[in-house]
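Remember, it's a predicted structure, so these values are computed and weren't measured experimentally. Scope of the values below: all heavy atoms of this structure, side chains included, with no hydrogens, waters or symmetry mates. Here, residue 1 is the first one in the sequence, and each next residue gets the next number.
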Amino acid sequence: WIKMTSTGSPFAPDWANSISYYFEATRSGGVWSLGPAAAMTRSALNITQTSFRMNGSINPNGVSTQGYFEYGIDPALSSFNTSTKANYGGANSINLSTTVNGGSCNSTYYYRAVAKPTTGNIVRGSIVAVTTAGCATPVCPVEALTPITDPLAQQFENGNTLDTTR
């Protein structure tokens, strides 16, 4: 894998944000060339207590390519779920985004964009961590206390005991 860290990226608008791009590279006759696909993972959007929106892009570079996300609770994503896969073509960057629902509040999840071309190897973007919003603190309404008007209940409130000998 080649990690580009200088100008000239096919994702030039984001280059100024110090985002890493990974490409498949092959060597033939002493010449290195970039492969057919690229993937980039961006920060999550719309983070709530139980959901978040994964964000990224792929560039098929002219080869039919599936784009999707791998996500889960393992920081290395050695075990993961996959989002719905969609087929793309063309030579331009394509934005990907999908929402993960049903998470837990104040929990950290990990994800990455993936490009799977019909020819060549799967290309995975950087892993991004996202922490869902904190758990809500239950709010109990404070209502005005009603004075006790029952004479028997007033005896207990004043520390008296019930006389059961009568």
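Residues passing the side chain to side chain donor-acceptor pair (under 3.5 Å) test with Thr48, sequence neighbours excluded: Ser51. For Ser97, the side chain to side chain contact (heavy atoms under 4.5 Å, CB included) test picks out Arg53, Asn55, with sequence neighbours left out. Not a single ring-ring contact (aromatic ring centres under 6.0 Å, His included) links Tyr110 to another residue, sequence neighbours left out. With sequence neighbours left out, Ser104 forms a side chain to side chain donor-acceptor pair (under 3.5 Å) with no residue at all. Considering only residues two or more places apart in sequence or on other chains, Tyr71 meets the ring-ring contact (aromatic ring centres under 6.0 Å, His included) condition with none of them.
Summarising the geometry of Cys105 relative to Gly134, their closest heavy-atom pair is CB-C, 4.0 Å, with the distance given to 0.1 Å. Among all heavy-atom pairs drawn from Thr82 and Tyr68, the shortest one is CG2-CE1, 4.1 Å. Residue Gly90 comes nearest to Pro60 through the heavy atom pair O-CB, 3.6 Å, listed as atom of the first residue, atom of the second, then distance. The minimum heavy-atom distance linking Asn95 with Ser57 is given by the pair OD1-CB, 3.9 Å. For the pair Thr108 and Ala129, the tightest heavy-atom approach, listed with the atom from each and the gap, is CG2-CB, 4.2 Å. What you find for Ala115 and Ala38 is that their closest heavy atoms are CB-O, 3.7 Å.
Note that OG1 of Thr65 is 8.5 Å distant from CG of Asn59, once rounded to the nearest 0.5 Å. The OG1 atom of Thr41 sits 9.5 Å away from the CG atom of Leu96 when rounded to the nearest 0.5 Å. Going from atom CD1 of Ile94 over to atom CD1 of Ile58 covers 5.0 Å, rounded to the nearest 0.5 Å. Summarising the geometry, atom CD1 belonging to Ile73 is positioned 9.0 Å from atom OG belonging to Ser107; distances are rounded to the nearest 0.5 Å.
With contacts defined as side-chain heavy-atom distances shorter than 4.5 Å, the pair Val100/Met54 qualifies. When side chains are defined from C-beta on, Phe52 does not count as touching Thr99, because their heavy atoms never get closer than 4.5 Å. A 4.5 Å side-chain heavy-atom check between Val63 and Thr118 finds at least one atom pair inside the cut-off.
Thr132 contributes a side-chain N or O that, together with a main-chain N or O of Asn106, makes up a donor-acceptor pair within less than 3.5 Å. In this structure, Tyr88 contributes its side chain and Ser93 its backbone to no donor-acceptor pair below 3.5 Å.
Linking Ile, Leu, Val, Met, Phe, Trp and Tyr whenever their side-chain heavy atoms come within less than 4.5 Å puts Ile127 and Phe80 in one cluster.
Judged by distance alone, the side chains of Thr98 and Ser83 never bring a donor and an acceptor atom under 3.5 Å apart.
Under the salt bridge (Lys or Arg N to Asp or Glu O under 4.0 Å) criterion, the residue pairs touching residues 58-77 are Glu70-Arg112, Glu70-Arg124, with sequence neighbours excluded.
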Practice item. Assess whether side-chain contact (heavy atoms from CB on, under 4.5 Å) is satisfied between Phe69 and Val114, documenting all intermediate values. Key: CA-CA 6 Å; Phe69 292 97; Val114 179; over 6 Å; no

